[in-house]
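Inspection log for the structure reproduced underneath, given as structure tokens.
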Amino acid sequence: MTTHDWRLYLPVAAAAGLALVAAMQPVVDPRLLFLDPMIAGVVSGDCCRSWYGFMSTLGVLMWVATGAVALFAAMLLRRIDRGSGAWMPLLFAGLISLFFGIDDVYLVHENAAPKLGVPQIAVLLGYVFMAMAYMALSWRRILAFNPVLFLLAGGLLAMSLAFDVFGIEGSVATIVWEDGAKFAGIAAWASYHLGFAARALRTAMSAPAQAGQPVARPFEPASSASRVYRTS
């Protein structure tokens, strides 16, 4: 059964609101809040301030937190009920989250990769293929658990990518739209996968352990033909 929990949208709304406030506040150049702290220092010509890269740093924290929780949940699910297969999407989501967090910290696609001779567009296409592979492997469970929230996360991150590729480099509007959409997209991605992990663990932990009773299979349609029974 598809689950739509409106509470999972609250972090997305909060992230979008915070991005809007950061973009419209009149105190400092909004770019300095959204850009990476090092780049913000270069752009401002006045290095450094503790609030440089405020939004960027929060985004990295969300990536890392999501990756850590998803990987831990995948490890628990594999030990509790390996046969359910719900641990696989969490494993991939955790690795992707940590990878994107590393990219944001070390500016892989913006700086490091081009200096090593790898074009930025090649790295971005690699990210697109990574996301497509994840969806191809997990689409059944994505449809079984709040697909609207997952599509919202993907749409916001895709919007950010589009501004990164086609936007006017260095302009305030491009930076705010690119990084604002990215920040809200990270929040949606985090909320989706943390909710997914919580439901999968609840289902697995509440599964009956007696011999001959069906093992819970989170995010899979109930079917008598597909039931697997735990034996003593």
Side-chain angles (χ1 to χ4, degrees), residues 15 19 22-23 29-45 47-49 51-71 74 88-138 150-190 192-193:
D29 185 343
R31 296 178 301 171
L32 305 182
L33 297 175
F34 285 97
L35 290 170
D36 176 83
M38 290 187 296
I39 296 179
V42 173
V43 169
S44 69
C47 188
C48 292
R49 297 288 185 270
W51 43 267
Y52 283 0
F54 177 76
M55 302 295 291
S56 174
T57 302
L58 286 181
V60 170
L61 292 176
M62 284 196 290
W63 279 131
V64 174
T66 304
V69 172
L71 291 177
M88 286 292 289
L90 288 170
L91 174 64
F92 288 123
L95 292 175
I96 290 173
S97 299
L98 292 180
F99 189 84
F100 284 169
I102 291 172
D103 181 285
D104 280 356
V105 170
Y106 296 108
L107 306 176
V108 174
H109 77 275
E110 295 171 319
N111 195 333
K115 286 189 175 181
L116 293 175
V118 181
Q120 178 178 346
I121 188 64
V123 179
L124 295 176
L125 286 175
Y127 293 167
V128 172
F129 287 128
M130 187 188 305
M132 292 174 62
Y134 168 62
M135 289 188 288
L137 292 171
S138 308
F150 185 89
L151 291 175
L152 177 61
L156 288 168
L157 293 173
M159 182 188 301
S160 172
L161 183 62
F163 275 103
D164 189 10
V165 174
F166 301 110
I168 301 173
E169 185 175 357
S171 74
V172 175
T174 295
I175 292 172
V176 168
W177 277 103
E178 174 190 345
D179 291 302
K182 179 180 178 181
F183 187 73
I186 297 172
W189 172 273
Y192 176 87
H193 287 98

So do [Y] and [X] actually touch side chain to side chain, heavy atoms under 4.5 Å?
X    : Y    : result
R31  : V43  : yes
I96  : M130 : yes
I186 : T66  : no
L32  : W51  : yes

Measure from the side-chain N and O atoms of S44 to the backbone N and O of G41, and report whether any donor-acceptor pair falls under 3.5 Å.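 Confirmed, S44 side chain pairs with G41 backbone.
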Name every donor-acceptor pair, under 3.5 Å, that has one atom in a side chain of residues 155-163 and the other anywhere in the protein, sequence neighbours excluded.
residue, atom, partner, partner atom, Å
S160, OG, E178, O, 2.9

Separation of [Y] [atom2] from [X] [atom1] (nearest 0.5 Å):
X    : Y    : atom1 : atom2 : result
L58  : M62  : CG    : CE    : 6.5 Å
S171 : W177 : OG    : CH2   : 12.5 Å
Y52  : M38  : OH    : CE    : 14.5 Å
L137 : M88  : CG    : CE    : 7.0 Å
Q120 : L107 : CD    : CG    : 10.5 Å
S138 : F92  : OG    : CZ    : 7.0 Å

Of all pairs that satisfy side-chain hydrogen bond (donor to acceptor under 3.5 Å, both in side chains), the ones with a partner from residues 97-109, not counting sequence neighbours: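 Listed by first then second residue: W63-D104, S97-W189, D103-H109, D103-Y127, D104-K182, H109-D164.
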Partner set under side-chain contact (heavy atoms from CB on, under 4.5 Å) for L71, not counting sequence neighbours: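 Once residues adjacent in sequence are excluded, the partners of L71 under the side-chain contact (heavy atoms from CB on, under 4.5 Å) criterion are L91, L95, L98.
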Neighbour count >12 (heavy atoms, 6.0 Å) for atom OH, Y134: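 Yes - once you tally the heavy atoms of other residues, nucleotides and ligands closer than 6.0 Å, there are more than 12.
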Minimal non-hydrogen separation, [X] against [Y], with atom names:
X    : Y   : answer
A184 : A15 : CA-CB, 4.1 Å
F34  : A23 : CE1-N, 3.9 Å
A40  : G53 : CB-N, 4.4 Å

Option among D29, L33, L35 that satisfies the side-chain contact (heavy atoms from CB on, under 4.5 Å) test with I175: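 Going through D29, L33, L35 one by one, the side-chain contact (heavy atoms from CB on, under 4.5 Å) with I175 is satisfied by L35 alone.
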